[in-house]
**Q** 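Following this message is one structure expressed as C-alpha coordinates.
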Number of protein chains: 2
Amino acid sequence: MNGKKMKIASFNVNSLRARLPIVTNWLVENQPDVLCVQETKVQDHDFPGQAFDEINYKYVFKGQKIYNGVAIFSKEKPENVRYGFDKEPKDEPRLITAQIHGVTIVNTYVPQGNMPESEQFEYKLNWFDRLLNFFDSHFEPTDFIIWVGDLNIAPEPIDVYDPVSLLVHVCFHPDVHKALQKVMNWGLVDVFRKHCKEAGQYSFWDYRMRNTFKNNLGWRLDHIMATKPLADKSSACYIDKKPRQAERPSDHTPVIAEFDL
Amino acid sequence: MNGKKMKIASFNVNSLRARLPIVTNWLVENQPDVLCVQETKVQDHDFPGQAFDEINYKYVFKGQKIYNGVAIFSKEKPENVRYGFDKEPKDEPRLITAQIHGVTIVNTYVPQGNMPESEQFEYKLNWFDRLLNFFDSHFEPTDFIIWVGDLNIAPEPIDVYDPVSLLVHVCFHPDVHKALQKVMNWGLVDVFRKHCKEAGQYSFWDYRMRNTFKNNLGWRLDHIMATKPLADKSSACYIDKKPRQAERPSDHTPVIAEFDL
DNA sequence: GCTATCGGGG
DNA sequence: CCCCGATAGC
(Lines give C-alpha, C1' and ligand atoms only; values in the text may rest on other atoms or scores of the structure.)
Protein backbone atom coordinates (compact mmCIF):
# COMPACT_ATOMS: atom_id res chain seq x y z
CA MET A 1 0.00 0.00 0.00
CA ASN A 2 1.50 3.29 -1.02
CA GLY A 3 -1.84 5.13 -1.19
CA LYS A 4 -1.13 6.53 -4.70
CA LYS A 5 -4.27 7.45 -6.66
CA MET A 6 -3.85 6.79 -10.36
CA LYS A 7 -6.07 7.90 -13.23
CA ILE A 8 -5.49 6.18 -16.57
CA ALA A 9 -7.34 6.95 -19.81
CA SER A 10 -7.53 5.72 -23.40
CA PHE A 11 -8.62 7.77 -26.41
CA ASN A 12 -8.64 6.99 -30.12
CA VAL A 13 -8.05 10.52 -31.40
CA ASN A 14 -8.38 9.91 -35.17
CA SER A 15 -5.38 12.13 -35.98
CA LEU A 16 -3.46 13.75 -33.15
CA ARG A 17 -2.71 16.88 -35.16
CA ALA A 18 -6.32 17.42 -36.24
CA ARG A 19 -7.44 16.92 -32.64
CA LEU A 20 -4.54 18.64 -30.87
CA PRO A 21 -6.52 21.27 -28.88
CA ILE A 22 -9.14 18.66 -27.98
CA VAL A 23 -6.44 16.39 -26.55
CA THR A 24 -4.41 19.05 -24.72
CA ASN A 25 -7.54 20.69 -23.27
CA TRP A 26 -8.78 17.29 -22.16
CA LEU A 27 -5.47 16.61 -20.39
CA VAL A 28 -5.49 20.01 -18.68
CA GLU A 29 -9.07 19.60 -17.50
CA ASN A 30 -8.90 15.96 -16.45
CA GLN A 31 -5.29 15.71 -15.24
CA PRO A 32 -4.94 11.95 -15.76
CA ASP A 33 -1.67 10.35 -14.71
CA VAL A 34 -1.64 8.49 -18.03
CA LEU A 35 -3.40 9.00 -21.36
CA CYS A 36 -2.99 6.37 -24.06
CA VAL A 37 -3.97 7.47 -27.55
CA GLN A 38 -4.45 5.57 -30.78
CA GLU A 39 -4.64 6.53 -34.44
CA THR A 40 -2.28 9.46 -34.04
CA LYS A 41 -1.76 9.32 -37.85
CA VAL A 42 1.47 11.24 -37.53
CA GLN A 43 5.02 10.32 -38.45
CA ASP A 44 7.54 10.56 -35.64
CA HIS A 45 9.34 13.59 -37.12
CA ASP A 46 6.02 15.51 -37.13
CA PHE A 47 4.90 14.52 -33.63
CA PRO A 48 3.52 17.69 -31.95
CA GLY A 49 5.48 17.24 -28.72
CA GLN A 50 5.74 20.95 -27.91
CA ALA A 51 2.02 21.24 -27.17
CA PHE A 52 2.49 18.58 -24.48
CA ASP A 53 5.73 20.01 -23.13
CA GLU A 54 3.78 23.21 -22.49
CA ILE A 55 1.25 21.43 -20.28
CA ASN A 56 3.91 19.37 -18.51
CA TYR A 57 3.16 15.97 -19.92
CA LYS A 58 5.85 13.49 -20.90
CA TYR A 59 5.28 11.27 -23.94
CA VAL A 60 6.47 8.29 -25.92
CA PHE A 61 5.11 7.46 -29.35
CA LYS A 62 5.45 5.52 -32.57
CA GLY A 63 3.70 6.52 -35.75
CA GLN A 64 3.68 6.20 -39.49
CA LYS A 65 2.15 7.94 -42.50
CA ILE A 66 -1.66 8.27 -42.68
CA TYR A 67 -2.59 5.19 -40.62
CA ASN A 68 -2.29 3.88 -37.08
CA GLY A 69 0.11 5.40 -34.56
CA VAL A 70 0.09 5.16 -30.75
CA ALA A 71 1.33 7.39 -27.96
CA ILE A 72 1.41 7.51 -24.18
CA PHE A 73 1.20 10.82 -22.32
CA SER A 74 1.99 10.85 -18.61
CA LYS A 75 2.91 13.14 -15.76
CA GLU A 76 5.84 10.90 -14.80
CA LYS A 77 8.41 9.89 -17.38
CA PRO A 78 7.49 6.51 -18.94
CA GLU A 79 10.09 3.83 -18.23
CA ASN A 80 11.09 0.54 -19.87
CA VAL A 81 9.43 1.62 -23.09
CA ARG A 82 8.92 -1.14 -25.63
CA TYR A 83 7.76 -0.61 -29.21
CA GLY A 84 5.76 -3.29 -30.96
CA PHE A 85 5.96 -7.06 -30.70
CA ASP A 86 9.21 -8.97 -30.28
CA LYS A 87 8.91 -10.72 -33.65
CA GLU A 88 7.99 -9.48 -37.13
CA PRO A 89 5.63 -8.00 -38.02
CA LYS A 90 6.40 -5.87 -35.00
CA ASP A 91 3.48 -3.50 -35.64
CA GLU A 92 5.18 -0.70 -33.74
CA PRO A 93 2.50 1.89 -34.59
CA ARG A 94 -0.06 -0.39 -32.94
CA LEU A 95 1.59 -1.49 -29.68
CA ILE A 96 3.54 0.52 -27.17
CA THR A 97 4.39 -0.59 -23.64
CA ALA A 98 5.77 1.44 -20.75
CA GLN A 99 6.01 1.34 -16.98
CA ILE A 100 4.62 4.22 -14.95
CA HIS A 101 4.38 4.21 -11.14
CA GLY A 102 5.09 0.49 -11.12
CA VAL A 103 2.16 -0.21 -13.44
CA THR A 104 2.86 -1.70 -16.84
CA ILE A 105 0.82 0.11 -19.49
CA VAL A 106 0.09 -1.81 -22.69
CA ASN A 107 -1.42 0.55 -25.23
CA THR A 108 -2.78 -1.12 -28.37
CA TYR A 109 -4.54 -0.20 -31.56
CA VAL A 110 -5.84 -3.62 -32.61
CA PRO A 111 -6.28 -4.11 -36.40
CA GLN A 112 -9.87 -3.47 -37.47
CA GLY A 113 -10.12 -6.57 -39.69
CA ASN A 114 -11.91 -5.20 -42.75
CA MET A 115 -14.37 -8.06 -43.57
CA PRO A 116 -14.89 -11.56 -42.20
CA GLU A 117 -13.03 -14.06 -44.38
CA SER A 118 -10.56 -11.39 -45.49
CA GLU A 119 -6.81 -11.69 -44.97
CA GLN A 120 -7.02 -8.71 -42.63
CA PHE A 121 -9.54 -10.56 -40.48
CA GLU A 122 -7.14 -13.51 -40.14
CA TYR A 123 -4.43 -11.03 -39.22
CA LYS A 124 -6.70 -9.52 -36.56
CA LEU A 125 -7.56 -12.86 -34.98
CA ASN A 126 -3.89 -13.76 -35.00
CA TRP A 127 -3.06 -10.43 -33.40
CA PHE A 128 -4.86 -11.39 -30.19
CA ASP A 129 -2.85 -14.64 -30.10
CA ARG A 130 0.38 -12.74 -30.59
CA LEU A 131 -0.59 -10.35 -27.82
CA LEU A 132 -1.34 -13.27 -25.48
CA ASN A 133 2.10 -14.62 -26.32
CA PHE A 134 3.59 -11.19 -25.62
CA PHE A 135 1.93 -11.11 -22.20
CA ASP A 136 3.08 -14.65 -21.47
CA SER A 137 6.69 -13.98 -22.30
CA HIS A 138 7.04 -10.64 -20.48
CA PHE A 139 4.60 -10.50 -17.59
CA GLU A 140 2.78 -12.51 -14.92
CA PRO A 141 -0.98 -12.30 -14.26
CA THR A 142 -0.01 -11.38 -10.71
CA ASP A 143 1.77 -8.19 -11.95
CA PHE A 144 0.13 -4.79 -12.19
CA ILE A 145 -0.61 -4.84 -15.92
CA ILE A 146 -3.14 -2.60 -17.67
CA TRP A 147 -4.08 -3.27 -21.29
CA VAL A 148 -5.86 -0.35 -22.89
CA GLY A 149 -6.70 0.99 -26.30
CA ASP A 150 -8.97 0.70 -29.26
CA LEU A 151 -9.34 -3.09 -29.27
CA ASN A 152 -11.75 -2.98 -32.22
CA ILE A 153 -14.11 -5.35 -30.45
CA ALA A 154 -17.37 -4.94 -28.61
CA PRO A 155 -17.15 -7.79 -26.07
CA GLU A 156 -20.81 -8.32 -25.20
CA PRO A 157 -24.26 -7.85 -26.76
CA ILE A 158 -24.84 -4.84 -24.50
CA ASP A 159 -21.77 -3.23 -26.10
CA VAL A 160 -23.33 -2.62 -29.54
CA TYR A 161 -26.49 -0.90 -30.73
CA ASP A 162 -27.70 -3.95 -32.68
CA PRO A 163 -26.24 -7.24 -31.38
CA VAL A 164 -28.15 -9.38 -33.88
CA SER A 165 -27.34 -7.82 -37.23
CA LEU A 166 -23.80 -6.92 -36.15
CA LEU A 167 -22.75 -10.55 -35.53
CA VAL A 168 -21.36 -10.51 -39.08
CA HIS A 169 -19.24 -7.44 -38.33
CA VAL A 170 -15.49 -7.86 -37.75
CA CYS A 171 -15.77 -5.98 -34.43
CA PHE A 172 -18.59 -8.18 -33.08
CA HIS A 173 -17.87 -11.49 -34.75
CA PRO A 174 -17.96 -14.74 -32.73
CA ASP A 175 -14.41 -15.55 -33.83
CA VAL A 176 -13.18 -12.24 -32.44
CA HIS A 177 -15.05 -12.85 -29.21
CA LYS A 178 -13.23 -16.19 -28.87
CA ALA A 179 -9.89 -14.55 -29.65
CA LEU A 180 -10.45 -11.90 -27.00
CA GLN A 181 -11.62 -14.46 -24.47
CA LYS A 182 -8.36 -16.37 -24.81
CA VAL A 183 -6.42 -13.22 -23.96
CA MET A 184 -8.70 -12.36 -21.04
CA ASN A 185 -8.31 -15.90 -19.69
CA TRP A 186 -4.62 -15.20 -19.21
CA GLY A 187 -5.79 -13.23 -16.19
CA LEU A 188 -7.45 -9.98 -17.21
CA VAL A 189 -10.58 -8.20 -16.00
CA ASP A 190 -12.73 -5.74 -18.00
CA VAL A 191 -12.45 -2.83 -15.57
CA PHE A 192 -15.28 -0.85 -17.14
CA ARG A 193 -17.72 -3.79 -16.82
CA LYS A 194 -16.63 -4.35 -13.23
CA HIS A 195 -17.93 -0.87 -12.37
CA CYS A 196 -20.82 -0.49 -14.80
CA LYS A 197 -23.29 -3.17 -15.87
CA GLU A 198 -25.43 -0.83 -17.94
CA ALA A 199 -26.16 -1.47 -21.64
CA GLY A 200 -25.57 1.23 -24.25
CA GLN A 201 -22.33 2.53 -22.77
CA TYR A 202 -20.41 3.25 -25.95
CA SER A 203 -17.06 4.80 -26.85
CA PHE A 204 -17.46 4.89 -30.65
CA TRP A 205 -20.14 6.18 -33.00
CA ASP A 206 -19.66 5.76 -36.76
CA TYR A 207 -19.30 9.00 -38.74
CA ARG A 208 -20.72 7.36 -41.83
CA MET A 209 -24.22 6.87 -40.54
CA ARG A 210 -26.28 9.94 -39.72
CA ASN A 211 -27.03 10.97 -36.14
CA THR A 212 -25.36 7.94 -34.58
CA PHE A 213 -24.22 9.97 -31.60
CA LYS A 214 -27.53 11.76 -31.12
CA ASN A 215 -29.38 8.43 -31.26
CA ASN A 216 -26.65 6.58 -29.36
CA LEU A 217 -26.08 4.03 -32.12
CA GLY A 218 -22.62 3.13 -30.94
CA TRP A 219 -20.07 0.53 -29.99
CA ARG A 220 -17.88 -0.01 -26.91
CA LEU A 221 -14.57 -0.61 -28.64
CA ASP A 222 -12.20 1.23 -26.31
CA HIS A 223 -11.25 -0.70 -23.24
CA ILE A 224 -9.37 -0.76 -20.00
CA MET A 225 -8.40 -4.30 -19.04
CA ALA A 226 -6.31 -5.06 -15.95
CA THR A 227 -4.79 -8.05 -14.25
CA LYS A 228 -6.88 -9.14 -11.26
CA PRO A 229 -4.61 -7.66 -8.55
CA LEU A 230 -4.73 -4.29 -10.30
CA ALA A 231 -8.45 -4.47 -11.15
CA ASP A 232 -9.09 -5.12 -7.46
CA LYS A 233 -7.62 -1.70 -6.78
CA SER A 234 -9.81 0.13 -9.33
CA SER A 235 -12.24 2.55 -7.76
CA ALA A 236 -14.09 3.80 -10.87
CA CYS A 237 -14.29 3.41 -14.63
CA TYR A 238 -16.33 5.59 -16.98
CA ILE A 239 -16.66 7.01 -20.49
CA ASP A 240 -16.38 10.75 -21.02
CA LYS A 241 -18.71 11.73 -23.86
CA LYS A 242 -17.80 15.44 -23.79
CA PRO A 243 -14.97 15.26 -26.37
CA ARG A 244 -17.40 13.63 -28.80
CA GLN A 245 -19.60 16.74 -28.53
CA ALA A 246 -16.77 19.08 -29.61
CA GLU A 247 -16.78 21.05 -32.86
CA ARG A 248 -14.93 18.47 -34.94
CA PRO A 249 -14.84 15.44 -32.69
CA SER A 250 -13.08 12.14 -33.09
CA ASP A 251 -15.44 9.25 -33.76
CA HIS A 252 -14.21 7.79 -30.45
CA THR A 253 -14.30 9.25 -26.97
CA PRO A 254 -12.12 8.63 -23.90
CA VAL A 255 -12.50 5.86 -21.32
CA ILE A 256 -11.06 6.53 -17.87
CA ALA A 257 -10.21 4.26 -14.94
CA GLU A 258 -9.18 5.26 -11.42
CA PHE A 259 -7.09 3.17 -9.08
CA ASP A 260 -6.09 3.35 -5.41
CA LEU A 261 -2.70 1.74 -5.36
CA MET B 1 -30.75 64.47 -59.70
CA ASN B 2 -32.70 61.90 -57.79
CA GLY B 3 -30.64 62.26 -54.61
CA LYS B 4 -30.11 58.50 -54.27
CA LYS B 5 -27.05 57.54 -52.24
CA MET B 6 -25.38 54.40 -53.55
CA LYS B 7 -22.68 52.29 -51.93
CA ILE B 8 -20.93 49.78 -54.19
CA ALA B 9 -18.22 47.34 -53.11
CA SER B 10 -15.92 44.71 -54.59
CA PHE B 11 -14.42 41.75 -52.74
CA ASN B 12 -12.36 38.79 -53.95
CA VAL B 13 -13.56 36.23 -51.40
CA ASN B 14 -11.29 33.28 -52.32
CA SER B 15 -14.14 30.73 -52.01
CA LEU B 16 -17.60 31.99 -51.14
CA ARG B 17 -18.44 28.87 -49.11
CA ALA B 18 -15.24 29.00 -47.05
CA ARG B 19 -15.85 32.71 -46.40
CA LEU B 20 -19.66 32.66 -46.09
CA PRO B 21 -20.00 34.17 -42.57
CA ILE B 22 -17.34 36.79 -43.38
CA VAL B 23 -19.33 37.87 -46.44
CA THR B 24 -22.80 37.82 -44.89
CA ASN B 25 -21.61 39.61 -41.73
CA TRP B 26 -19.87 42.19 -43.87
CA LEU B 27 -23.07 42.82 -45.82
CA VAL B 28 -25.15 43.13 -42.65
CA GLU B 29 -22.69 45.54 -41.06
CA ASN B 30 -21.94 47.67 -44.12
CA GLN B 31 -25.28 47.56 -45.92
CA PRO B 32 -23.91 48.30 -49.40
CA ASP B 33 -26.41 48.63 -52.22
CA VAL B 34 -24.19 46.36 -54.33
CA LEU B 35 -21.41 43.91 -53.51
CA CYS B 36 -19.50 42.32 -56.36
CA VAL B 37 -17.48 39.25 -55.46
CA GLN B 38 -14.87 37.25 -57.33
CA GLU B 39 -13.35 33.80 -56.95
CA THR B 40 -16.53 32.30 -55.54
CA LYS B 41 -15.10 28.85 -56.47
CA VAL B 42 -18.55 27.33 -56.36
CA GLN B 43 -20.61 25.63 -59.04
CA ASP B 44 -24.04 27.14 -59.66
CA HIS B 45 -25.92 24.17 -58.15
CA ASP B 46 -23.99 24.63 -54.89
CA PHE B 47 -24.36 28.42 -54.66
CA PRO B 48 -25.25 29.25 -51.02
CA GLY B 49 -28.16 31.54 -51.89
CA GLN B 50 -30.15 30.87 -48.72
CA ALA B 51 -27.62 32.70 -46.53
CA PHE B 52 -28.25 35.81 -48.65
CA ASP B 53 -32.02 35.36 -48.80
CA GLU B 54 -31.97 35.49 -45.00
CA ILE B 55 -30.32 38.91 -44.97
CA ASN B 56 -32.51 40.25 -47.79
CA TYR B 57 -29.95 40.46 -50.54
CA LYS B 58 -30.71 39.52 -54.12
CA TYR B 59 -28.00 37.86 -56.21
CA VAL B 60 -26.88 36.76 -59.63
CA PHE B 61 -23.87 34.54 -60.18
CA LYS B 62 -21.91 32.28 -62.49
CA GLY B 63 -19.40 29.78 -61.24
CA GLN B 64 -17.51 26.63 -62.08
CA LYS B 65 -15.51 23.92 -60.31
CA ILE B 66 -12.51 24.94 -58.18
CA TYR B 67 -11.59 28.19 -60.01
CA ASN B 68 -13.01 31.61 -60.77
CA GLY B 69 -16.68 32.45 -60.27
CA VAL B 70 -18.34 35.86 -59.90
CA ALA B 71 -21.49 37.09 -58.19
CA ILE B 72 -23.37 40.30 -57.56
CA PHE B 73 -25.32 40.83 -54.34
CA SER B 74 -27.70 43.77 -54.15
CA LYS B 75 -30.65 45.15 -52.22
CA GLU B 76 -32.58 45.75 -55.45
CA LYS B 77 -33.04 42.96 -57.96
CA PRO B 78 -30.31 43.10 -60.64
CA GLU B 79 -31.71 43.74 -64.12
CA ASN B 80 -30.51 43.11 -67.67
CA VAL B 81 -28.08 40.51 -66.40
CA ARG B 82 -25.44 39.44 -68.89
CA TYR B 83 -23.02 36.55 -68.38
CA GLY B 84 -19.59 36.64 -69.97
CA PHE B 85 -18.47 38.13 -73.26
CA ASP B 86 -20.54 38.02 -76.44
CA LYS B 87 -18.07 35.79 -78.27
CA GLU B 88 -16.18 32.67 -77.30
CA PRO B 89 -14.42 32.20 -75.01
CA LYS B 90 -17.25 33.81 -73.08
CA ASP B 91 -15.50 33.44 -69.72
CA GLU B 92 -18.81 33.53 -67.88
CA PRO B 93 -17.25 32.82 -64.47
CA ARG B 94 -15.10 35.94 -64.93
CA LEU B 95 -17.54 38.57 -66.20
CA ILE B 96 -21.05 39.40 -65.05
CA THR B 97 -22.95 42.55 -65.89
CA ALA B 98 -26.18 43.88 -64.40
CA GLN B 99 -28.11 47.10 -64.04
CA ILE B 100 -29.04 48.37 -60.59
CA HIS B 101 -30.63 51.77 -59.91
CA GLY B 102 -29.81 52.84 -63.45
CA VAL B 103 -26.11 52.08 -62.96
CA THR B 104 -24.52 49.39 -65.09
CA ILE B 105 -22.32 47.17 -62.93
CA VAL B 106 -19.50 45.29 -64.70
CA ASN B 107 -18.00 42.79 -62.29
CA THR B 108 -14.82 41.11 -63.53
CA TYR B 109 -12.23 38.63 -62.35
CA VAL B 110 -9.43 39.35 -64.80
CA PRO B 111 -7.12 36.37 -65.58
CA GLN B 112 -4.01 36.47 -63.42
CA GLY B 113 -1.60 35.70 -66.26
CA ASN B 114 0.75 33.16 -64.67
CA MET B 115 4.17 34.31 -66.01
CA PRO B 116 5.26 36.91 -68.56
CA GLU B 117 5.74 35.22 -71.94
CA SER B 118 3.29 32.47 -71.04
CA GLU B 119 0.17 31.73 -73.06
CA GLN B 120 -1.89 32.84 -70.08
CA PHE B 121 -0.17 36.21 -70.11
CA GLU B 122 -1.14 36.69 -73.75
CA TYR B 123 -4.67 35.70 -72.83
CA LYS B 124 -4.68 38.28 -70.03
CA LEU B 125 -3.46 41.12 -72.24
CA ASN B 126 -6.07 40.13 -74.82
CA TRP B 127 -8.73 40.07 -72.12
CA PHE B 128 -8.43 43.83 -71.60
CA ASP B 129 -8.86 44.35 -75.36
CA ARG B 130 -11.93 42.15 -75.40
CA LEU B 131 -13.35 44.08 -72.47
CA LEU B 132 -12.76 47.38 -74.25
CA ASN B 133 -14.60 45.91 -77.23
CA PHE B 134 -17.40 44.82 -74.90
CA PHE B 135 -17.72 48.34 -73.51
CA ASP B 136 -17.66 49.82 -77.01
CA SER B 137 -20.41 47.59 -78.32
CA HIS B 138 -22.80 47.89 -75.35
CA PHE B 139 -22.24 51.22 -73.61
CA GLU B 140 -21.28 54.87 -74.06
CA PRO B 141 -18.67 56.66 -71.95
CA THR B 142 -21.46 59.10 -71.09
CA ASP B 143 -23.50 56.30 -69.41
CA PHE B 144 -23.33 55.48 -65.71
CA ILE B 145 -21.00 52.51 -65.95
CA ILE B 146 -19.00 51.08 -63.05
CA TRP B 147 -16.30 48.47 -63.70
CA VAL B 148 -15.21 46.70 -60.56
CA GLY B 149 -13.45 43.54 -59.47
CA ASP B 150 -10.14 41.85 -59.06
CA LEU B 151 -8.41 43.29 -62.13
CA ASN B 152 -5.13 41.54 -61.29
CA ILE B 153 -3.20 44.72 -61.91
CA ALA B 154 -1.61 47.31 -59.68
CA PRO B 155 -1.91 50.44 -61.86
CA GLU B 156 0.81 52.64 -60.38
CA PRO B 157 4.13 52.32 -58.52
CA ILE B 158 2.38 53.44 -55.31
CA ASP B 159 0.07 50.43 -55.68
CA VAL B 160 2.70 47.76 -54.89
CA TYR B 161 5.13 47.24 -52.02
CA ASP B 162 8.16 47.03 -54.35
CA PRO B 163 7.62 48.78 -57.70
CA VAL B 164 11.13 48.00 -58.96
CA SER B 165 11.46 44.26 -58.49
CA LEU B 166 7.80 43.65 -59.31
CA LEU B 167 8.04 45.07 -62.85
CA VAL B 168 8.58 41.49 -64.02
CA HIS B 169 5.37 40.35 -62.33
CA VAL B 170 2.28 39.72 -64.46
CA CYS B 171 0.24 42.04 -62.22
CA PHE B 172 2.68 44.96 -62.50
CA HIS B 173 4.13 44.39 -65.95
CA PRO B 174 4.48 47.33 -68.40
CA ASP B 175 2.47 45.42 -71.00
CA VAL B 176 -0.41 45.06 -68.57
CA HIS B 177 -0.20 48.74 -67.69
CA LYS B 178 -0.56 49.56 -71.40
CA ALA B 179 -3.48 47.16 -71.76
CA LEU B 180 -5.27 48.73 -68.81
CA GLN B 181 -4.57 52.24 -70.06
CA LYS B 182 -6.30 51.47 -73.35
CA VAL B 183 -9.44 50.44 -71.48
CA MET B 184 -9.29 53.48 -69.20
CA ASN B 185 -8.92 55.74 -72.22
CA TRP B 186 -12.35 54.66 -73.36
CA GLY B 187 -13.57 56.99 -70.64
CA LEU B 188 -13.00 55.53 -67.19
CA VAL B 189 -11.72 57.05 -63.95
CA ASP B 190 -10.00 55.21 -61.07
CA VAL B 191 -12.46 56.22 -58.36
CA PHE B 192 -10.19 55.15 -55.50
CA ARG B 193 -7.31 57.29 -56.77
CA LYS B 194 -9.64 60.23 -57.27
CA HIS B 195 -10.32 60.21 -53.52
CA CYS B 196 -7.03 58.97 -52.11
CA LYS B 197 -3.53 59.84 -53.36
CA GLU B 198 -1.74 57.96 -50.60
CA ALA B 199 0.81 55.22 -51.34
CA GLY B 200 0.56 51.81 -49.70
CA GLN B 201 -3.23 51.52 -49.95
CA TYR B 202 -3.52 47.83 -50.75
CA SER B 203 -6.36 45.34 -51.21
CA PHE B 204 -4.29 42.14 -51.49
CA TRP B 205 -1.52 40.59 -49.41
CA ASP B 206 0.03 37.30 -50.56
CA TYR B 207 -0.54 34.31 -48.26
CA ARG B 208 2.69 32.72 -49.43
CA MET B 209 5.03 35.24 -47.90
CA ARG B 210 5.11 35.60 -44.14
CA ASN B 211 3.63 38.62 -42.36
CA THR B 212 2.72 40.44 -45.56
CA PHE B 213 -0.37 41.91 -43.94
CA LYS B 214 1.38 42.87 -40.71
CA ASN B 215 4.18 44.53 -42.67
CA ASN B 216 1.79 45.88 -45.33
CA LEU B 217 3.60 44.18 -48.20
CA GLY B 218 0.62 44.29 -50.52
CA TRP B 219 -0.88 45.14 -53.85
CA ARG B 220 -3.86 47.25 -54.94
CA LEU B 221 -5.46 44.80 -57.36
CA ASP B 222 -9.15 45.36 -56.59
CA HIS B 223 -10.61 48.38 -58.25
CA ILE B 224 -13.61 50.59 -58.76
CA MET B 225 -13.51 52.30 -62.12
CA ALA B 226 -16.34 54.52 -63.34
CA THR B 227 -17.23 56.52 -66.41
CA LYS B 228 -16.56 60.24 -65.88
CA PRO B 229 -20.21 61.28 -65.32
CA LEU B 230 -20.55 58.62 -62.62
CA ALA B 231 -17.11 59.25 -61.09
CA ASP B 232 -18.09 62.90 -60.77
CA LYS B 233 -20.87 61.79 -58.45
CA SER B 234 -18.61 59.69 -56.20
CA SER B 235 -18.31 61.05 -52.68
CA ALA B 236 -15.86 58.57 -51.17
CA CYS B 237 -13.78 55.49 -51.96
CA TYR B 238 -11.88 53.40 -49.43
CA ILE B 239 -10.49 49.98 -48.58
CA ASP B 240 -11.88 48.11 -45.57
CA LYS B 241 -9.05 46.09 -44.00
CA LYS B 242 -11.22 44.56 -41.25
CA PRO B 243 -12.19 41.39 -43.19
CA ARG B 244 -8.50 40.66 -43.74
CA GLN B 245 -8.07 40.59 -39.94
CA ALA B 246 -10.68 37.84 -39.50
CA GLU B 247 -9.87 34.33 -38.29
CA ARG B 248 -9.36 32.79 -41.71
CA PRO B 249 -9.37 35.77 -44.03
CA SER B 250 -9.36 35.95 -47.78
CA ASP B 251 -6.07 37.21 -49.21
CA HIS B 252 -8.07 40.16 -50.57
CA THR B 253 -10.18 42.72 -48.75
CA PRO B 254 -13.14 44.85 -49.91
CA VAL B 255 -13.00 48.19 -51.72
CA ILE B 256 -16.01 50.47 -51.35
CA ALA B 257 -17.22 53.51 -53.28
CA GLU B 258 -20.07 55.86 -52.40
CA PHE B 259 -22.04 57.90 -54.88
CA ASP B 260 -24.63 60.68 -54.69
CA LEU B 261 -26.77 60.12 -57.73
C1' DG C 1 -0.82 29.67 -47.29
C1' DC C 2 -5.08 28.82 -48.56
C1' DT C 3 -8.39 27.18 -51.73
C1' DA C 4 -10.47 23.11 -54.00
C1' DT C 5 -10.70 18.17 -55.88
C1' DC C 6 -9.67 13.35 -55.94
C1' DG C 7 -8.67 8.73 -54.23
C1' DG C 8 -7.88 5.47 -50.33
C1' DG C 9 -9.19 4.07 -45.93
C1' DG C 10 -12.20 3.31 -41.83
C1' DC D 1 -18.42 11.53 -42.36
C1' DC D 2 -13.77 12.61 -41.67
C1' DC D 3 -9.11 11.77 -41.89
C1' DC D 4 -4.67 11.94 -44.96
C1' DG D 5 -1.88 12.99 -49.05
C1' DA D 6 -1.25 14.55 -53.75
C1' DT D 7 -2.02 18.08 -57.19
C1' DA D 8 -3.09 22.49 -59.17
C1' DG D 9 -3.91 27.58 -59.23
C1' DC D 10 -3.07 32.04 -57.29
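A note on names: the letters A, B, ... follow the listed sequences, proteins ahead of strands, and every chain is numbered from 1.
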**Q** Which nucleotide in the list dG5(D), dG9(D), dC4(D) gets nearest to the side chain of S15(A)?
**A** dC4(D)
**Q** Using only side-chain N and O atoms of R248(A), determine if any of them is under 4.0 Å from OP1 or OP2 of dC1(D).
**A** no
**Q** Can you tell me the distance, in whole Å, between the CZ atom of F204(A) and the P atom of dC1(D)?
**A** 14 Å
**Q** If I take atom CG in residue L217(A) and atom P in nucleotide dC1(D), what distance separates them, rounded to the nearest angstrom?
**A** 14 Å
**Q** Can you tell whether the side chains of R193(A) and E156(A) come within less than 4.0 Å, N to carboxylate O?
**A** yes
**Q** Regarding K90(B) and E92(B), does a basic nitrogen lie under 4.0 Å from an acidic carboxylate oxygen?
**A** yes
**Q** Between P on dC4(D) and CG on D46(A), what's the gap in Å once rounded to a whole number?
**A** 11 Å
**Q** Looking at the side chain of K65(A), which of dC10(D), dA6(D), dC3(D) is the nearest nucleotide?
**A** dA6(D)
**Q** Over how many whole Å does the gap from Y67(B) atom OH to dT7(D) atom P extend?
**A** 13 Å
**Q** Heavy atoms only: give me the nearest D44(A)-G63(A) pair and the separation to one decimal.
**A** OD1-N, 2.8 Å
**Q** Could you check how far CZ of F213(A) sits from C1' of dC2(D), rounded to whole Å?
**A** 16 Å
**Q** Taking the six-membered ring of F85(A) as reference, does the cationic atom of R130(A) (NZ for Lys, CZ for Arg) lie under 6.0 Å from its centre and within 45° of its axis?
**A** yes
**Q** Taking only heavy atoms on the protein side, list every residue of residues 112-129 of chain A lying under 4.0 Å from any atom of DNA chain D, sorted numerically.
**A** none
**Q** Mind checking whether W219(B) and H169(B) have ring centres under 6.0 Å apart?
**A** yes
**Q** To the nearest Å, give me how far apart CD1 (I153(B)) and P (dC10(D)) are.
**A** 17 Å
**Q** What range of DNA chain C does chain B touch, first nucleotide to last, counting atoms under 4.0 Å from its heavy atoms?
**A** dG1(C) to dC6(C)
**Q** Could you check how far CG of N14(A) sits from C1' of dC4(D), rounded to whole Å?
**A** 10 Å
**Q** Closest nucleotide of DNA chain D for L16(A) versus for M209(A): which of these residues is on the 5' side?
**A** M209(A)
**Q** Which listed nucleotide (dG5(D), dC10(D), dC3(D)) is nearest to the side chain of K41(A)?
**A** dC3(D)
**Q** Check whether the side chains of Y161(B) and N215(B) place a donor and an acceptor atom closer than 3.5 Å, and report yes or no.
**A** no
**Q** Would you confirm whether the ring centroid of F47(B) sits within less than 6.0 angstrom of the ring centroid of Y59(B)?
**A** yes
**Q** Hey, do the aromatic rings of F73(B) and Y57(B) have their centres closer than 6.0 Å?
**A** no
**Q** I want to check something: taking the side chain as every heavy atom from C-beta on, are L16(A) and F61(A) in contact at a cut-off of under 4.5 Å?
**A** no
**Q** Return the value, rounded to whole Å, for the distance between atom CD of Q43(A) and atom P of dC4(D).
**A** 12 Å
